[in-house]
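For reference, the structure discussed in these notes is given below.
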Amino acid sequence: MTDTPAPTSDATPTRDYSATLNLPATDFPMRAGLPEKEPKLIARWDEMRLYERLRDTARGREKFVLHDGPPYANGHLHIGHALNKILKDIITRSRQMMGYDSNYVPGWDCHGLPIEWKVEEEYRAKGKNKDEVPINDFRAECRQYAEGWIKVQAEEFRRLGVEGDFANPYTTMAFSSEAVIATELLKFAVSGQLYRGSKPVMWSVVERTALAEAEVEYQDYQSDTIWVKFPVTSGAPELAGASVVIWTTTPWTIPGNRAVSYSPKIAYGLYEVTEAPEGNWAKVGERYVLADALADAVFKQAKVTGHIKLAAVAADALSSVTCAHPLSGLGGGYTFDVPLLPGDHVTDDAGTGFVHTAPGHGREDFELWMEHGRDLAARGIDATIPFTVDDGGYLTADAPGFTGRRVLTDKGDKGDANQAVIEALAAAGAMVARGRLKHTYPHSWRSKKPVIFRNTPQWFVYMDKPIGNGPVGDTLRARALKAIDDTAFYPPAGQTRLRSMIENRPDWVLSRQRAWGVPIAVFRNTETGQLLPGPDFAHNDAYAGRLREAFLAEGADAWFADGAKERFLSGFVDDLGPWSQVRDILDVWFDSGSTHEFVLKGRPDLKWPADVYLEGSDQHRGWFHSSLLESCGVNGVAPYKAVVTHGFTMAEDGRKMSKSLGNQVQPQDVIRQSGADILRLWVASTDYWEDQRIGKKILDANSDAYRKIRNTVRWMLGTLAHYDGAAVAYADLPELERLMLHKLAVVGAEVVEGYKEYDFKAVFSSILNFMNIELSAFYFDVRKDALYCDPKSSLKRRAALHVVATLYDHLVKWLAPLTPFTAEEAWLERHPGEASSIHLELFPDVPEEWLDAALDDKWEKVKKVRRAVTGALEIERREKRIGSSLEAAPVVHVEDADLLAALDGLDFAEICITSQITVTEAPAPEGAFRLDDGTPVAVEPRLAEGRKCARSWKILPEVGSDPDYPDVTLRDAEALRELAAGS
RNA sequence: UGGCCUGUAGCUCAGGUGGUUAGAGCACACGCCUGAUAAGCGUGAGGUCAGUGGUUCGAGUCCACUUAGGCCAACCA
């Protein structure tokens with residue numbers, strides 16, 4: 001170590017040689033200004049008809065089809081849409097660049113309730129009533145509404161950089177789509193998979209319409225409550241003569257009672273009334289089965305003054321019990337057996353511990369009843385659910401003894417049904433007690449009047465009925481499960497999730513009592529129940545053809561136009577009289593579940609099945625599910641080969657975004673402030689298979705990453721301003737250049753693998769790390785000297801330029817699917833031209849010869865020694881002995897033969913960016929710098945000797961020895977000579 | 001309440017079949033450079049791998065439970 005002052009201190013005044021250097025020069029700005037630049041690039045792509053060019057370029061290539069799951073045409077994009085569409089765009093762009101013809105056709109889901117609501121809302125604002133508007137006028141307004149939002153959303157998707165056939169998207173409401181959807185449904189009818197069943201739905205008597213859960217609001221309401229005896233008729237002998245007691249707030253549902261539910265988790269007891277007032281409903285000597293926790297309350301309500309518990313009743317004993325209906329004495333209408341069924345929904349918080357179960361009047365009741373369908377059949381019990389209440393809230397003939405009584409009036413007030421039922425129960429001696437209860441009860445959003453649960457006819461598809469004449473066990477469920485096994489899932493858990501849903505799901509309910517949708521275009525014979533079309537109908541094809549023609553010309557409105565019955569049925573049946581036209585529409589899930597038919601099969605530029613579907617994980621229940629069932633029902637297999645799912649986007653703290661918390665991130669805001677490429681980088685950086693987070697901090701971090709990428713690209717562009725495009729043969733490249741090509745090849749493999757496996761964060765981190773660690777912090781830093789200062793003729797310089805051009809070309813192409821705007825901007829810097837676009841390029845080949853693991857190993861050793869040198873220089877810097885590393889000329893004692901060999905033949909000073917360096921195997925002096933990780937290298941941090949070169953800033957003894965250029969190194973003098981000769 | 005999933009440094013992510021002091025990039029702190037300059041380079045400090053209990057010679061990695069969170073279970077898409 002020397003203490004002599006730095007020899008630069010007395011150097012001659014430095015001449016400014018910067019004009020003689022090959023410094024980076026580019027118009028590619030450091031600051032992107034993406035919010036302004038991106039729309040211009042979109043306009044450019046429009047102008048050059050990039051989409052058409054992409055298709056032309058790829059014509060004849062193998063197709064790779066990502067089928068777009070249609071968003072609902074309602075409202076502006078939110079962050080979830082942005083994530084979804086950007087992921088899809090990354091996939092189609094990367095596949096296109098891998099050499100496929102990867103066409104993307106965006107689509108929209110148009111039918112359904114939310115749009116009906118909006119249109120209805122507009123009606124209400126104008127004081128119009130939906131029911132007074134002709135249905136096809138109403139449908140036309142819904143169509144118009146959807147069209148408006150499709151335009152808005154298409155622009156918003158394009159602003160994200162999404163490339164696709166936005167001029168010809170698909171919609172579920174296109175006439176051609178409606179024709180396919182309707183005829184697809186007919187296929188289910190023809191193969192016998194469609195049947196008419198029933199299900200309870202929320203029903204508003206006032207509006208005479210079914211309501212969705214979201215159309216219902218809960219308000220306080222005073223209900224009549226009753227406690228009713230169900231006499232035990234068989235089962236546990238110890239309960240002979242006793243009654244099971246139920247409690248209900250809807251006495252009018254008693255005629256619909258078919259079972260009593262109990263819970264195996266509740267303690268029950270057998271009780272006897274020992275003391276009661278004269279004329280009381282509950283009489284001395286009567287025995288009741290009740291939940292222990294509720295017995296006292298029940299007896300109190302029943303005005304019983306004395307009771308005893310005779311025995312505990314085990315839940316096991318209840319399972320085989322059958323009761324009589326409390327009205328079994330009434331005109332013979334209720335003589336069926338009422339079974340006890342175990343139900344998890346039963347609690348002992350309120351009531352009696354037994355729940356009156358009317359499968360036509362409650363969701364849980366219905367589900368419990370359907371669940372036990374087979375057991376009931378085995379017990380000889382008819383599982384048919386009665387239609388006890390009609391549209392107007394009147395009890396029907398299915399409620400013998402009460403026909404014509406009314407649950408609710410047209411104004412939503414209580415009718416006479418409850419009173420009639422209570423009187424009948426009292427007359428039958430079945431009442432234990434009655435009361436009133438104020439509780440929350442569902443009301444219609446529109447009329448603010450109470451609603452009821454009412455059994456209604458619905459259309460179902462069998463999950464477990466053998467299909468057609470196929471093999472035994474060929475059911476929709478079996479087909480779907482097989483199809484799931486044959487599908488690849490990213491992430492794999494999606495397979496489990498979808499499988500368990502298909503395994504457990506009930507029959508598919510297709511019908512909705514709504515206006516805006518595709519009809520279930522079938523007829524039903526009201527006398528025989530026969531369906532048309534159907535397995536036994538001779539004119540299935542002709543009927544489907546007639547329907548298709550009509551829908552293609554007029555859309556599904558044709559079904560709702562006057563005279564539809566004659567139009568579609570005449571000539572196919574002898575007597576039109578008994579045939580009733582089904583007016584229900586299809587669940588919109590059937591619409592979107594059919595997109596593969598009218599998009600993938602319907603367009604020659606696509607193919608069926610799709611290579612991949614990509615949606616949020618909620619679509620296991622939605623689009624993945626309905627598409628699978630629809631296709632399995634019709635085609636027998638899934639419409640997709642692979643399913644990719646993404647999680648949901650959370651706020652920065654990992655919790656759900658919500659308006660009230662004010663933690664929402666809107667894609668429009670991100671685009672306005674930072675640009676779509678920043679949002680896209682966020683998508684690329686995240687583990688989207690799981691839920692992701694987004695927020696200011698995270699977006700800032702992505703902006704930083706973007707800047708790093710941009711600056712690295714910018715430096716390459718600036719450097720390449722001095723490149724004449726001449727290639728240097730691989731064999732002539734210096735080791736450092738070959739090392740970079742090796743590293744690039746490794747990154748390339750990771751990038752392509754990442755794109756193939758839909759693992760974009762791997763692509764992102766691979767590129768970013770390479771740029772940071774290998775390029776910016778190492779290769780570029782080392783090579784600046786040669787690139788800036790070497791003579792034009794220098795092989796090292798020419799080789800470096802060639803390799804920088806190669807790095808640039810590969811990296812920018814690999815980035816193109818992630819950041820299409822910036823990649824295009826960078827591309828055009830070097831490849832200008834009206835027809836030029838990076839998106840028309842393919843991912844570049846990576847020559848086999850670039851891979852050189854031995855070289856990589858060797859340079860790992862070089863870098864190890866380099867770390868020791870930079871470590872030593874850091875100490876010098878701290879001690880203020882040097883500033884720039886060029887002020888140093890360390891002596892490096894390498895105490896390991898392998899490490900020493902690795903340095904052989906290399907200009908190690910250049911690699912360490914020092915002016916001079918001495919590598920020696922001589923023993924190191926005491927106090928030499930060592931890394932504390934045990935690297936067998938010691939460094940003496942000496943100062944460089946000589947004068948500072950005014951051009952390259954290196955400090956070398958040779959400076960001053962050239963007579964023409966006395967203030968520079970010999971290398972720089974040579975460069976200046978060449979320059980002078982050239983100019 | 002049930003089905004599926006997740007919790008590794010401030011942030012985003014790596015951590016095949018369990019095996020040395022748990023890694024990277026960014027951010028942060030400090031320093032250098034001033035010919036990538038609203039840039040570039042270096043060094044450093046950050047983690048009881050959500051918690052508890054088990055299996056094991058040994059667990060971030062396997063099991064159970066707990067806890068926090070997400071999706072689904074709607075005539076919602």
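We name chains A, B, ... by the order of the sequence lines, and we start the count at 1 in each one. As the structure is a prediction and not an experimental result, all values here were calculated from the model.
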Counting primed atoms, P, OP1 and OP2 as sugar-phosphate and everything else as base, the B/S/- map of nucleotides 31-41 of chain B against protein heavy atoms under 4.0 Å is SSSSBBSBSSS
Under a 3.5 Å limit on both distances, the Watson-Crick or wobble mate of C62(B) is G54(B)
Rounded to whole Å, NZ of Lys697(A) lies from P of G10(B) at a distance of 9 Å
Is the positively charged end of Lys743(A) above the ring of Phe770(A), judged by distance under 6.0 angstrom from the centroid and angle within 45° of the axis?
no
Using Watson-Crick geometry (N1-N3 plus N6-O4 or O6-N4) or G-U wobble (N1-O2, O6-N3), each under 3.5 Å, G46(B) is paired with none
Judged by whether its glycosidic angle lies within 90° of 0, G46(B) is syn
As its Watson-Crick or G-U partner within any shown strand, both distances under 3.5 Å, A68(B) has U6(B)
Residue set satisfying side chain to side chain donor-acceptor pair (under 3.5 Å) with Lys118(A), at least two apart, ordered chain then number -> none
The side chain to side chain donor-acceptor pair (under 3.5 Å) partners of Lys784(A) (sequence neighbours excluded) come to Asp781(A)
Rounded to whole Å, the CZ-C1' distance (Phe453(A) to C75(B)) equals 11 Å
Closest of C11(B), C75(B), A24(B) to the Ile698(A) side chain is C11(B)
Of G25(B), C71(B), C75(B), the nucleotide closest to the side chain of Phe648(A) is C71(B)
Notebook entry, point to check: Would you say His722(A)'s side chain and Leu23(A)'s backbone share a donor-acceptor pair under 3.5 angstrom?
Noted result: yes
By the Watson-Crick or G-U definition, both distances under 3.5 Å, G40(B) is matched with C32(B)
Hey, does the Lys NZ or Arg CZ of Arg797(A) hover above the aromatic six-ring of Tyr723(A), less than 6.0 Å from the centre and inside 45° of the axis?
no
**Q.** Side-chain donor or acceptor of Thr595(A) paired with backbone N/O of Ser592(A) under 3.5 Å
**A.** yes
Residue pairs meeting side-chain hydrogen bond (donor to acceptor under 3.5 Å, both in side chains), one or both in residues 17-26 of chain A, sequence neighbours left out, come to Arg15(A)-Tyr17(A), Asp16(A)-Ser18(A), Tyr17(A)-Asp967(A), Thr20(A)-Arg951(A)
Ion pair check, Asp759(A) and Lys761(A), cut-off under 4.0 Å:
yes
Would you tell me if any nitrogen or oxygen in the side chain of Lys761(A) comes within less than 4.0 Å of OP1 or OP2 on A14(B)?
yes
In whole angstroms, the gap separating C1' of G70(B) from OH of Tyr688(A) amounts to 18 Å
Under a 3.5 Å limit on both distances, the Watson-Crick or wobble mate of A73(B) is U1(B)
Applying salt bridge (Lys or Arg N to Asp or Glu O under 4.0 Å) to Arg693(A) and not counting sequence neighbours gives none
- prompt: Expressed in whole Å, how much space separates the P atoms belonging to A9(B) and G46(B)?
  reply: 15 Å
Looking only at C75(B), A77(B), A27(B), the nucleotide nearest the Asp704(A) side chain is A27(B)
Per atom distances to the Lys656(A) side chain, the nearest of A77(B), A24(B), C71(B) is C71(B)
With sugar-phosphate taken as primed atoms, P, OP1 and OP2 and all else as base, the protein-contact string of nucleotides 1-6 of chain B at under 4.0 Å (heavy atoms; B, S, -) is --BSSS
